[in-house]
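Note that the coordinates shown come from a computational prediction; the quantities given were computed from them, not determined experimentally.
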Amino acid sequence: MGHGGNVIDELVTDHREVEEMFGRIEALPSGHQDRKVYADQVTIELVRHSVAEEAYLYPAVREHVANGDALADRELTDHATAERIMKDLEGCDAGDADFDRLMGMLMSEIRSHLADEEAALFPALRQACPMDTLNELGDKVRKAKRTAPTRPHPAAPDKPPANKLLAPGTGMVDRLRDALTGRGKFD
């Protein structure tokens, strides 16, 4: 989290980190308890990443990119699907019958979403948006990730201004819960 650079570089680095976590999950045998720890870690990162994109990236896409509304709406639909899967996954242990199925669905959904962003959305934004704006968006995304929720909240608003107002408070509660339970950390 918080790598530096413009918004596209920041988010692509996040994408690589998520893929690395997926690889760790895939390398472990079905039912291994560390699969749940990695699943919690990847959920934390995906939720923070999504909240930041929804607050700053997609409004910029709507403003600067031709057909930006349709692009942003498609990405928000992807986020909603992934968030519902993460919510279901949150209630599963690594040994639960549904864990592997849900984890496979999440990995498939996220990999498709990341590929789409990197192939279509990011190049369009890079071409349409001035570099100083991309740099400012990078700073805003990094700041948003620091205060964003760490757990899926499928019913939470995904568009400004409501998402920008509610995310920091929800994030504080999530981080407190994570600290109390040790969620996302190895023993």
Looking at [X] and [Y], what are the two nearest heavy atoms and their distance?
X    : Y   : value
K145 : A52 : CG-CB, 3.7 Å
L137 : Y56 : CD2-O, 3.7 Å
D88  : C92 : O-SG, 3.7 Å
P29  : R35 : O-CD, 3.0 Å
P152 : T43 : CD-CG2, 3.8 Å
I110 : A82 : CD1-CB, 3.7 Å

A side-chain contact here means heavy atoms from C-beta on lying under 4.5 Å apart; do [X] and [Y] qualify?
X    : Y    : answer
L125 : L71  : no
T81  : R84  : yes
R151 : V47  : no
M86  : L106 : yes
D78  : E117 : no
E26  : M103 : no

Test: [X] and [Y] ion pair at under 4.0 Å:
X    : Y    : value
E118 : R16  : yes
D40  : K36  : yes
E19  : R111 : yes

Given L11, I8, N6, the one that forms side-chain contact (heavy atoms from CB on, under 4.5 Å) with V141: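 Exactly one pass, corresponding to L11.
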To the nearest 0.5 angstrom, please state how far the [atom1] atom of [X] sits from the [atom2] atom of [Y].
X    : Y    : atom1 : atom2 : result
H79  : E54  : NE2   : CD    : 5.5 Å
L57  : F122 : CG    : CZ    : 6.0 Å
E53  : L121 : CD    : CG    : 8.0 Å
M105 : I85  : CE    : CD1   : 4.0 Å
E17  : L46  : CD    : CG    : 11.0 Å

Qualifying side-chain hydrogen bond (donor to acceptor under 3.5 Å, both in side chains) pairs, either residue in residues 66-77, two or more places apart: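 Those involving residues 66-77 are R62-D69, R62-D73, R74-D116, E75-H113.
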Partners meeting side-chain hydrogen bond (donor to acceptor under 3.5 Å, both in side chains) with D139 (sequence neighbours left out):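 side-chain hydrogen bond (donor to acceptor under 3.5 Å, both in side chains) list for D139, sorted by chain: R142.
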R24 vs E20, salt bridge (charged side-chain N to carboxylate O under 4.0 Å, His left out): CA-CA, chis, key distance, verdict: CA-CA 6 Å; R24 290 179 190 156; E20 182 181 316; 2.5 Å; yes
Evaluation steps, side-chain contact (heavy atoms from CB on, under 4.5 Å), between L102 and D96: CA-CA 10 Å; L102 290 167; D96 290 351; over 6 Å; no
S108 side chain to G104 backbone, donor-acceptor under 3.5 Å: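 Not a single qualifying donor-acceptor pair exists.
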Cluster overlap M107 with I44, hydrophobic side-chain contacts below 4.5 Å: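 M107 does not cluster with I44.
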Atom NZ of K140: over 12 foreign heavy atoms under 6.0 Å: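 At most 12 heavy atoms, drawn from other residues, nucleotides or ligands, come within 6.0 Å of this atom.
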